[in-house]
Amino acid sequence: MERCPAGTGAIVRAARRLAQGRLVAFPTETVYGLGADATNGRAVAAVFELKGRPQFNPLIVHLADSDAAAGHGIFDDRAQRLAEAFWPGPLTLVLPRRAGSPLNELVSAGLDSVALRVPAHPVARALLQACALPIAAPSANPSGYLSPTTADHVADAFGEADLLVLDGGPCPVGLESTVVDLSRPDSVGLLRAGAVTPEQIEAHAGKVVHADAGAAIRAPGMLPQHYAPHRLVRLDAQTVGPGEALLGFGPDLPAGAVLCRNLSAAGDLREAAANLFAMLHELDQPGIAAIAVMPIPGEGLGLAIRDRLARAAAGH
Ligand code: TXA
Ligand code: MG
């Protein structure tokens with residue numbers, strides 16, 4: 001971990017790190033974020049790894065402005081009005097994902113929606129401008145800890161990590177952004193309360209439905225709209241049955257699959273996490289009897305991968 005004041009030189013260096021797939025913690029007006037290039041699956045996997053999260057929760061993608069955001073999400077009139085009113089600022093919009101968006105699927109945990117935000121903090125804005133990348137960033141705290149509102153909080157938590165911490169002083173808001181779900185045309189869902197109030201949202205987008213924010217935050221993998229394959233998923237498979245597709249892991253794959261992907265031939269859990277959702281989509285083809293998944297080690301990122309696969313298997 002290296003920490004430095006968020007001057008121009010440090011921001012240029014931080015932008016270069018992001019482009020290399022490495023992590024940068026940076027201040028936003030709400031809390032410090034643990035940022036990675038959102039188009040780089042391995043970098044996003046490293047964020048989950050560093051947070052020590054046993055699940056893949058979808059992450060917020062930070063962008064320099066509304067134009068950049070429009071490349072990843074589909075804005076209807078409500079979304080456009082909210083973006084005009086509150087961006088840059090502490091509001092996150094969950095929107096249908098735009099086809100062709102280069103965001104890695106791990107960012108949205110396989111969902112067909114994306115959470116987008118244009119932050120107001122000058123350091124966050126300078127970093128986004130300098131790197132010209134979408135930055136995926138959850139709060140920069142280990143899973144289950146308090147959210148960080150100073151560079152000290154981040155530095156104390158991630159002392160040993162390969163991480164550059166940009167110190168921009170304490171975060172002015174100190175509370176995570178308001179998350180509004182506009183992924184369905186017929187409802188405005190409040191997924192997380194924050195500095196932008198429900199009244200302010202209603203003034204621009206109509207009646208707000210208070211989603212079970214607790215459930216959404218604790219277990220977004222349980223949300224009904226969460227991606228599950230249509231085909232059966234068979235876990236810890238050592239062999240391939242008739243008509244089965246294979247989701248492999250490691251150098252030695254059993255023979256006989258009608259369709260095959262390998263999460264990581266090298267047995268690298270970061271690479272496996274980065275490939276997980278895209279490969280599940282690719283194997284979920286009509287005519288496949290089931291998707292047989294080879295054993296994934298239950299340690300580090302493997303826990304989150306196994307959690308996600310168990311949910312996919314339980315969908316039937
Ligand atoms: O203030 C903030 O929003 C901070 C700073 C760093 O910007 N970021 C933050 O990110 O709090 P994170 O990843 O900790 O929170 C993401 C929230 C979670 O509640 C997650 O469930 C929700 O956004 N979310 C993200 N993508 C979603 C999606 N596609 N559908 C539903 N909820 C989503
Ligand atoms: Mg958080």
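The analysis underlying the following values was restricted to heavy atoms, covering all of them including side chains, and did not include hydrogens, waters or symmetry mates. If you're wondering where the values come from, they're calculated on a predicted model, not measured in any experiment. Numbering of ligands and ligand atoms starts at 1, following listing order.
- In summary, the side chains of Thr92 and Ser177 do present a donor paired with an acceptor at a separation below 3.5 Å, with no hydrogens or angles considered.
- Remark: ligand 1 atoms within the under-4.0 Å shell around heavy atoms of Leu191 are 31 (C), 32 (N).
- At a heavy-atom cutoff of 4.0 Å, ligand 1 is contacted by no atom of Asn57, backbone or side chain.
- The contact set between ligand 1 and His62, taken as ligand atoms under 4.0 Å from a residue heavy atom, comprises 5 (C), 6 (C), 7 (O).
- Of the polar atoms of Arg192, at least one N or O is found under 3.5 Å from an N or O of ligand 1, judged by distance alone.
- Applying the 4.0 Å criterion to heavy atoms of Ala115 picks out, from ligand 1, the atoms 25 (C), 26 (N), 27 (C).
- Residues Pro142 and Phe158 form a side-chain contact, since some pair of their non-hydrogen atoms from C-beta on lies under 4.5 Å apart.
- When each atom of ligand 1 is checked for a heavy atom of Leu111 under 4.0 Å away, the hits are 28 (C), 29 (N), 30 (N).
- Residue Ser113 has at least one heavy-atom neighbour below 4.0 Å for each of these atoms of ligand 1: 28 (C), 29 (N), 30 (N).
- Under the 4.5 Å side-chain criterion, counting only non-hydrogen atoms from C-beta, Pro170 is not in contact with Thr149.
- Contacts with ligand 1 closer than 4.0 Å are made by backbone heavy atoms (N, CA, C, O) of Ala137 only, the side chain lying farther away.
- Ligand 1 lies within reach of Ser139, whose nearest heavy atom is under 4.0 Å from it.
- Under the 4.0 angstrom criterion for non-hydrogen atoms, Val94 is in contact with ligand 1.
- Two residues are said to be in side-chain contact when any heavy atoms from C-beta on lie closer than 4.5 Å; Pro134 and His72 meet this criterion.
- When side chains are defined from C-beta on, Leu263 counts as touching Ile296, because their heavy atoms get closer than 4.5 Å.
- Ion pairing between Asp236 and Arg306 holds under the 4.0 Å rule for side-chain N and carboxylate O.
- Between Glu176 and ligand 1, a contact under 3.5 Å exists for no N or O pair.
- With a 4.5 Å cut-off on side-chain heavy atoms, Ile201 and Leu91 count as touching.
- Compare Thr28, Ile60, Ile135, Val107 by their heavy atoms: the one nearest to atom 9 (C) of ligand 1 is in Ile60.
- Residues His204 and Phe86 form a side-chain contact, since some pair of their non-hydrogen atoms from C-beta on lies under 4.5 Å apart.
- If you check each of Pro58, Gly35, Pro90 against atom 33 (C) of ligand 1, the one with the closest non-hydrogen atom is Pro58.
- Of the listed residues (Ala195, Pro27, Gly194, Ser177), the one carrying the non-hydrogen atom nearest atom 2 (C) of ligand 1 is Ser177.
- Among the backbone and side-chain atoms of Ser139, an N/O/S atom is found under 2.8 Å from the Mg ion (ligand 2).
- For the residue pair Ser183 / Asp181, a side-chain donor-acceptor distance below 3.5 Å is found, with atom types taken as modelled.
- Among residues at least two apart or in separate chains, salt bridge (charged side-chain N to carboxylate O under 4.0 Å, His left out) pairs with a member in residues 238-263 are Arg234-Glu244, Arg261-Glu282.
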